[in-house]
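See below for the structure under consideration.
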There are 2 protein chains.
Amino acid sequence: MTSEKSVPSRLETLCVEKGLKMTDQRRIIARVLSEAQDHPDVELLHKRAAEIDPGISLATVYRTVRLFEEASILERHDFGDGRARYEEARDDHHDHLIDIQSGRVIEFTNNEIEQLQHRVAAELGYKLVGHRLELYAVPIDKNGSGESEIPKGKPRIVGGGA
Amino acid sequence: MTSEKSVPSRLETLCVEKGLKMTDQRRIIARVLSEAQDHPDVELLHKRAAEIDPGISLATVYRTVRLFEEASILERHDFGDGRARYEEARDDHHDHLIDIQSGRVIEFTNNEIEQLQHRVAAELGYKLVGHRLELYAVPIDKNGSGESEIPKGKPRIVGGGA
DNA sequence: CTAACTGCAAACGGTTTGCTATTAT
DNA sequence: ATAATAGCAAACCGTTTGCAGTTAG
């Protein structure tokens, strides 16, 4: 089976450029990822993909996501809730602030921090090759906030020494 | 069975202050943790505890680290290799630089970064309650480095967008 | 005395993998 | 044609938990 319809997603195009074999399921998963505005976990990706093609298996989602990650077109995150969360790799680097009340994830960049990280590494005799910076925070504005982005499960609060 | 020998470890003292029931196995685990200079995972803690009392079960180690963590006298870290790593909670806050070649973990503090984190959160309308900052780096000095602190397993490199 | 603890083994939840049929190229 | 893939179910691995016997306070 080929085609189905419509314009290729950004991720699909990248896949083709990288010479990856494009199956229907990969195309669907690529589309779901490209269209995601949040940071879905595998279960959620599978659910969304299954809405398009109910036959897609969880194993395929896992394999595809790993493939995409290895192709550097997808970023995997671990926000401390046990499952891996994914985000299409774009050229703009950013870190994340996690609202521990709603689970919402906000992206941000701060160049001063970036540079300080390089400096710190250098002072210790190292060359920085990667980093992870997550801010866990609560809204200042005191209202009952909104819907949760985190699917389910027991978070067991992360961080604590701010 | 009580006693065995010697001076209480710092963690044991803290446990007693917190009113925790002190069993032999807890005392041993507390001692192992207090004497650790590295960031051991549960398996390693169990191995070290078992050298003192071969009867200690893995389940007990898991239950004890969870108990200690909840009592805020132990810090749990996740350096991206799947297992949890532990470190006695001291009053000095610090972040970690992970040498991805040797697995060694170096602690550091940088007040500028700390303050910038608060500022970033504030600008987004949030109050910072915790954070996670890990630098993944390689030694500048080009030599075959040293022994690994990471037990085993497949790390699957973390980070990448520095 | 008794609530809390330990060891054991079974259960768990996210993720990986062996196998066989299917498919992109 | 043929090497790579998808689906399924079983395996994995770190971690948790139910149960029955033991122990600290």
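All figures in this text were calculated on a predicted structure; none of them were measured in a lab. Just so you know, these numbers use all the heavy atoms, side chains as well, and skip hydrogens, waters and symmetry mates. First the proteins, then the strands, lettered A, B, ... as listed; each starts at 1.
- The pair B/K47-B/E51 does not count as a salt bridge, with every side-chain nitrogen at least 4.0 angstrom from each carboxylate oxygen.
- When the C1' atom of C/dG7 is taken as reference, atom CG of B/D53 falls 12 Å away, rounded to whole Å.
- Heavy-atom nearest nucleotides on DNA chain D were determined for B/Y62 and for B/L20, and the one closer to the 5' end corresponds to B/Y62.
- Comparing B/L58 and B/K21 by the nucleotide of DNA chain D that holds the closest heavy atom to each, the one mapping nearer the 5' end is B/L58.
- Taking only side-chain nitrogens and oxygens, A/T23 never comes nearer than 4.0 Å to OP1 or OP2 of C/dA24.
- Nearest to the side chain of A/R83, among C/dT15, C/dC8, C/dT6, sits C/dT15.
- With rounding to whole Å, A/R66 atom CZ is found 14 Å from D/dT5 atom P.
- The separation between A/E43 atom CD and C/dG14 atom C1' is 10 Å, rounded to whole Å.
- Between A/I28 atom CD1 and D/dT5 atom C1' the separation is 14 Å, expressed in whole Å.
- Here the C1' atom of nucleotide C/dT6 and the CD1 atom of B/I29 are 10 Å apart, to the nearest Å.
- Each of A/R132, A/R85, A/H39, A/E87 was compared with A/H77 under the side chain to side chain donor-acceptor pair (under 3.5 Å) criterion, and only A/E87 meets it.
- Of the candidate nucleotides D/dA6, C/dT16, C/dT15, C/dT15 has the atom nearest to the side chain of A/V42.
- The NE2 atom of A/H46 sits 12 Å away from the C1' atom of D/dC8 (whole-angstrom rounding).
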Return a table of donor-acceptor pairs under 3.5 angstrom between the side chains of residues 7-15 of chain A and protein atoms on other chains or two or more places apart.
from	atom 1	to	atom 2	distance (Å)
A/S9	OG	A/E12	N	3.1
A/R10	NE	A/E88	OE2	2.5
A/R10	NH2	A/E88	OE2	3.2
A/R10	NH2	A/A89	O	2.8
A/E12	OE2	A/R27	NH1	3.3
A/T13	OG1	A/S9	O	3.1

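- Between A/L74 and A/L33 there is a side-chain heavy-atom pair separated by less than 4.5 Å.
- For A/Q25, the side-chain atoms get nearest to D/dG7 when compared with the rest of D/dT17, D/dG7, D/dG14.
- Between the CD1 atom of B/I56 and the P atom of C/dG7 there is a distance of 7 Å, given to the nearest Å.
- At the heavy-atom level, A/R63 lies under 4.0 Å from base atoms of the strands shown.
- For B/T60 and C/dG7, the shortest distance from a side-chain N or O to OP1 or OP2 is below 4.0 Å.
- Taking atom CZ of residue B/R26 and atom P of nucleotide D/dT22, one finds them 19 Å apart after rounding to whole Å.
- The ring pair (Phe, Tyr, Trp, His ring centres under 6.0 Å) search around B/H46 returns none, not counting sequence neighbours.
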